> 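What follows is a single structure, and I will ask about it in a moment.
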Amino acid sequence: MKTEAYINKIIEDTGLSKTEIQSLVEEKKEELKGLISDEGALFVIAKELGVEVSGENQELLNEIELNISDIALNMKNIVLVGRIKDIFNLNSFKKSNGEVGYVGAFKLHDNTGDIRIVLWDDQVNVFKDERFEKNEIVKILNGNAKQGRYGGIEIHIGRFSKIVLAPEDVDYKKYPKIKEEFKLINEINENLGSISIEGKVMNRSPVREFTRKDGQNGKVCSLTVRDSSGKTRISFWNDDIDKTEKIDIGDFISLSSLNPRKSNFIEGQIDLHATSWTQITKKDKVVKFNSQVIDNIDTLQNQKGYISFQGIISAIDDVKKITLKSGEEISLLGFNVSDKTDAIRVTAWRERADELSKSLKNGDGVLLKDVELRYNNYSQKNEVTVAIDSSIEKIDLKIENIKISKPSTNFKQNNFSGNFTDINTIQSSGFFELKGVISNELKNIRFYEACSECRKKIDNCTCEKAGDKKLTMITSHFLEDESGRIRATFIGEAAEKLVGEKAELIVKVKDTPDYEKLLKKLSSSIIGRDIMIKGRVKFNDYSDAYEIVASNFQDISVNDDLENRIKEIMT
DNA sequence: CCCCCCCC
């Protein structure tokens, strides 16, 4: 023991007794308000008594241990011991002399508080040490207390400082392990720094690969986690994706070292990002969240998240197969649930759609538990999704004068997501949004009679009660963007909107000599038009190319662009 | 750094 050596040296040089030295140590510690350790006090006493403690000066000076709450601005040569509470990201930067600099930070905890420790340049190498993880004891030598960027004091570890991981000369009992604290999802905000959460995995996205703006390839995968307060999305990047491998939907997990970050997609939304320090721990827990029970369906428009409510099925679709953008074909069941205040659309997907389509029918009273409310951009209303925890029970329910929802009229004019695909990158069927210019003349317009119910050709209509015959026209074009071109077909209303004339009118001219003239005239207003198209893309074996059928399109006019920009500026 | 589970 070093203290022993110093006591012996003092006894040797001064003839003081061990007890006398002991009381001098106590006095010195008292005098220095407990800022000094036994060794430090002995050093000072030795110096005062003129005892030579050669060679060890610097080391002894360093032994004056502080508590985090003692740290004051501009203190130098700080010695501090604590446990790593949080680890923040490591960053590199360009110094003014052109060299690459590094900065990293972690949070240190002792019984008196937390403090941010900032490491510079070579000092960040400690991040690579396998012992550098949460809850490890760390000793800091020669740190300097500086003003943090966001207020508060930080300790900076520079060239003359030292960090000792798992030091041996520390009483570990003084530093009990930090218990992990989980943040409630609805309390997460951008300023929290690194956090831990726990909750149930509600969804797990497929791994998406992408090319970053700087040309590098990246991949990302995200988990949706729900706790008693809400749900959030956690993104895992590149190698960290491996951590999600053993995680299944429905698992109850905790996640550590997550960074909250503002979504640059949805305004006001905070997403969580996993870091290389993130650990996922599966918990053996079965958790039932108590979702709020909502009495009146009309108030569902002002809520979000998971809720329960009841009502009567006032409309139900046949289960239908839809093709996702990804090419996957899944089942979708849509139905409306009403009470006397309002109606709301409910959707069930995949197996849930098939399953529910067998048991639910129009007029049934239903109790929907733990379903998810989400805003639908298309209908501009909240809709209900049957989620993994959701249940739908049939109940005896009589409601007089239920509200049957009218077909929604307030569809957004511009319901494009803005997620446009470059034409030459299309390599699969699915739903796409394209942006481009119409490049060819209108050579012909085809017509057929369609059932007004199913919109299919009368011959192919399988409606029980066939609707009215509706004259429908088809026009065919090419859409070009900078990357390539694609055949684009417009049917029915979309075609009428594009050419600016009704099918009934055009069909009357079709067999007259004026038809060619009409096509020319229509062409002149179509060629060169900048439009965005939304629709289903399919591969045409005959033309050996992908083609799109426009389900919706919109002109891109300079005026609209301007208007949007003005709107952006004004808001 | 990725995109708004999924459909009109």
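Proteins get letters first, then strands, A, B, ... in listed order; numbering begins at 1 in each. This one's a predicted model, so the numbers in the text were calculated from it and none came from an experiment.
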> A/Y306 ring centre to A/R226 NZ or CZ under 6.0 Å, with the angle to the axis within 45°?
yes
> Which residues satisfy the ring pair (Phe, Tyr, Trp, His ring centres under 6.0 Å) test with A/F132, sequence neighbours excluded?
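Result, ring pair (Phe, Tyr, Trp, His ring centres under 6.0 Å) vs A/F132: A/F106, A/F127.
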> Regarding A/S222, tell me which of base, sugar-phosphate or nothing describes its non-hydrogen contacts under 4.0 Å with the strands shown.
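Counting heavy atoms under 4.0 Å across all strands, no contact is made by A/S222.
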> Is there a donor-acceptor contact under 3.5 Å linking the side chains of A/N186 and A/S229?
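Checked: A/N186/A/S229 side chains pair up, N/O donor to acceptor below 3.5 Å.
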> Taking for each residue the nucleotide of DNA chain B bearing the nearest heavy atom, is the 5' side occupied by A/R374 or by A/G218?
A/G218
> Between A/N376 and B/dC4, is there a side-chain N or O to OP1/OP2 distance below 4.0 Å?
no
> Are there more than 12 heavy atoms of other residues, nucleotides or ligands under 6.0 Å from atom CD of A/E130?
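No, because the 6.0 Å sphere around CD of A/E130 holds 12 heavy atoms or fewer from other groups.
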> Choosing from B/dC1, B/dC6, B/dC2, which nucleotide comes nearest the side chain of A/L324?
B/dC6
> Can you tell me how far P of B/dC7 sits from CD1 of A/I322, to the nearest Å?
6 Å
> Is there a donor-acceptor contact under 3.5 Å linking the side chains of A/D354 and A/S331?
yes
> Just checking A/D214: base, sugar-phosphate only, or nothing, at a heavy-atom cut-off of under 4.0 Å?
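No contact.
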> Strictly below 4.0 Å: does A/R261 bring a side-chain N or O up to OP1 or OP2 of B/dC1?
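Looking at the OP1 and OP2 atoms of B/dC1, one of them is under 4.0 Å from a side-chain N or O of A/R261.
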> Rounded to whole Å, please give me the gap between NE2 in A/H273 and P in B/dC3.
13 Å
> Tell me the interatomic distance from A/E328, atom CD, to B/dC7, atom C1', rounded to whole angstroms.
13 Å
> Should A/F265 be counted as stacked on B/dC3, where stacking needs a ring-centre gap under 5.5 Å and an angle between planes under 30 degrees?
yes
> A/F432 CZ to B/dC3 P: how many Å, rounded?
13 Å
> Check whether the aromatic ring of A/W349 stacks on the base of B/dC6, taking stacking as ring centres less than 5.5 Å apart and planes within 30° of each other.
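One would call A/W349 stacked on the B/dC6 base.
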> Rounded to the nearest angstrom, tell me the gap between atom CG in A/D354 and atom P in B/dC6.
19 Å
> With a 3.5 Å distance limit and no angle check, can you tell me whether A/R487 reaches the backbone of A/N540 through a side-chain donor-acceptor pair?
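Side chain of A/R487 to backbone of A/N540, a donor-acceptor pair under 3.5 Å: no, none is there.
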> Does the Lys NZ or Arg CZ of A/K304 fall within the cation-pi geometry relative to A/Y375 - under 6.0 Å from the ring centre and within 45° of the axis?
no
> Let's see if you get this right: which residues in residues 239-256 of chain A place a heavy atom under 4.0 Å from DNA chain B?
none
> Looking at every strand, decide which applies to A/R345 at a 4.0 Å heavy-atom threshold: base, sugar-phosphate, or nothing.
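Base contact.
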> From C-beta outward on A/I266, which listed nucleotide comes closest to its side chain: B/dC6, B/dC4, B/dC3?
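In terms of side-chain proximity for A/I266, the closest of B/dC6, B/dC4, B/dC3 is B/dC4.
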> Relative to the 5' end of DNA chain B, which residue comes earlier, A/C221 or A/M202, by the nucleotide with the nearest heavy atom?
A/C221
> Output the rounded distance in Å from CD (A/E372) to P (B/dC5).
9 Å
> Choosing from B/dC6, B/dC7, B/dC3, which nucleotide comes nearest the side chain of A/L332?
B/dC7
> Regarding B/dC3, can its base be found pairing with the side chain of A/R233 as donor and acceptor, where the two atoms are less than 3.5 Å apart?
yes
> Short question: side chain of A/E496, backbone of A/A503 - any donor-acceptor pair under 3.5 Å?
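A pair under 3.5 Å: yes.
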> Could you give the CD1-to-C1' distance, from A/I234 to B/dC4, as a whole number of Å?
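So the two atoms are 16 Å apart, to the nearest Å.
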> Over all strands shown, is A/E383 touching base, sugar-phosphate only, or nothing at heavy-atom distances under 4.0 angstrom?
base
> Using the side-chain heavy atoms of A/V220, tell me which of these nucleotides is nearest: B/dC6, B/dC2, B/dC1.
B/dC2
> Just the rounded figure in Å: distance from P of B/dC3 to CZ of A/R208.
6 Å
